[in-house]
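Everything below concerns the one structure shown next.
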Amino acid sequence: MLIKLSPIIPMVSQSLTVYKQGDSLTINGLTLDFSKLPDGATLPGEAARCPWVIETVERVDGQLIVVLLLPISIDASPEACFPRDIVSPADGVVTLPIPEAEQPAPAQGYAAIDWNQVVTAEDKAQAAIDQLRTSAMAEIAQGRAAADLAIAPLQDAVDLDDATPTEAEALIAWKRYRVALNRLPGQPDFPNTIDWPALPA
């Protein structure tokens with residue numbers, strides 16, 4: 001586990017006590033069990049439903065990463081103002097760079113974590129593919145628009161039997177380009193790998 005601390009001077013004096021047990025953190029008496037978070041997944045901070053968890057909770061290469069608010073006083077020590085990450089803390093009370101609470105917080109049971117908000121590694125991969133597809137389709141549409149603009153006057157010249165040999169060749173080239181654009185989504189590895197057609201000269 002990796003615990004990052006974000007110092008804050010609260011409006012009202014507050015204390016913080018953190019107890020670790022495996023993948024669970026008990027923060028001021030409220031227990032958050034993150035053992036269900038799979039590797040590569042993230043959980044929005046608000047889904048933890050704990051005011052001390054302020055950023056996305058994630059598991060990277062098996063390691064749970066949590067960011068907690070750290071209440072400090074105006075005259076806090078440099079260690080509290082610029083806290084170091086707590087790396088692989090042992091089970092038990094987590095040592096923080098602030099004075100210990102005078103009295104332990106009463107037990108509040110388990111936090112009702114909203115696991116529906118978990119974003120898995122698979123979700124992230126699918127989102128990346130969807131983004132690639134959206135970008136590719138936008139580029140295809142841009143290419144089609146350019147082809148349509150080029151084809152229209154050339155087609156008019158051919159239809160009127162007034163096209164020069166160069167214009168007739170250009171019309172064929174632009175039509176082939178447009179057809180190739182339309183076939184791009186059918187490529188085997190689309191949108192990860194795209195064999196774009198060359199723009200007609």
Side-chain angles (χ1 to χ4, degrees), residues 1-4 6 22-25 32-50 53-68 85-88 110-201:
M1 182 181 292
L2 176 64
I3 300 176
K4 296 176 175 287
S6 180
D23 278 346
S24 294
L25 289 176
L32 299 95
D33 183 1
F34 295 115
S35 60
K36 289 172 60 177
L37 190 68
D39 196 35
T42 56
L43 178 75
E46 60 270 15
R49 294 177 176 171
C50 173
V53 178
I54 59 168
E55 292 186 19
T56 298
V57 180
E58 58 184 335
R59 192 184 298 276
V60 180
D61 295 330
Q63 183 180 53
L64 191 68
I65 302 174
V66 184
V67 182
L68 302 179
D85 295 343
I86 302 173
V87 182
S88 301
Y110 283 83
I113 297 174
D114 185 1
W115 291 107
N116 290 326
Q117 296 191 47
V118 168
V119 180
T120 66
E122 292 77 14
D123 294 335
K124 294 176 186 177
Q126 185 59 53
I129 290 176
D130 291 344
Q131 180 59 48
L132 277 177
R133 181 179 298 276
T134 298
S135 298
M137 294 306 294
E139 194 168 345
I140 289 172
Q142 187 176 2
R144 276 188 52 103
D148 291 344
L149 284 173
I151 288 171
L154 294 172
Q155 186 65 59
D156 288 345
V158 170
D159 291 344
L160 294 171
D161 198 23
D162 192 32
T164 66
T166 300
E167 289 173 330
E169 290 176 7
L171 177 62
I172 292 173
W174 277 107
K175 285 187 173 181
R176 284 178 176 163
Y177 174 72
R178 188 166 62 179
V179 168
L181 287 176
N182 289 336
R183 291 176 176 170
L184 289 180
Q187 290 183 358
D189 200 29
F190 182 90
N192 295 314
T193 302
I194 303 174
D195 184 11
W196 292 95
L199 192 69

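If you're wondering where the values come from, they're calculated on a predicted model, not measured in any experiment. In this chain, numbering begins with 1 at the start of the sequence shown.
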Residue pairs passing the side-chain hydrogen bond (donor to acceptor under 3.5 Å, both in side chains) test where at least one lies in residues 188-201, sequence neighbours excluded: D189-T193
Check: V66 and L2 side chains under 4.5 Å, non-hydrogen atoms: no
Min side-chain heavy-atom separation E139-S135 under 4.5 Å: no
Going from [atom1] on [X] to [atom2] on [Y], what distance comes out if it is rounded to the nearest 0.5 angstrom?
X	Y	atom1	atom2	value
R178	L181	CZ	CG	9.5 Å
I3	L25	CD1	CG	5.0 Å
T42	L37	OG1	CG	7.5 Å
I86	L68	CD1	CG	8.0 Å
N116	L43	CG	CG	10.5 Å
K175	L171	NZ	CG	4.5 Å

Specify the closest pair of heavy atoms between [X] and [Y], including all atoms of both residues, with the distance to one decimal.
X	Y	answer
E167	D162	OE1-O, 3.9 Å
G62	D39	N-OD1, 2.7 Å
A48	A111	O-CB, 3.8 Å
P191	R133	CG-N, 3.6 Å
M137	P185	SD-CG, 4.0 Å
G143	Y177	O-CE2, 3.8 Å

Atom CD of Q142: over 12 foreign heavy atoms under 6.0 Å: no
Would you find a donor on one side and an acceptor on the other, under 3.5 Å apart, between the side chain of [X] and the backbone of [Y]?
X	Y	result
R49	A112	yes
D33	S24	no
N182	V179	no
R59	F34	yes

Electrostatic pair K36-D23, nearest N-O below 4.0 angstrom: no
Sidechain N-carboxylate O distance under 4.0 Å for K4, D85: yes
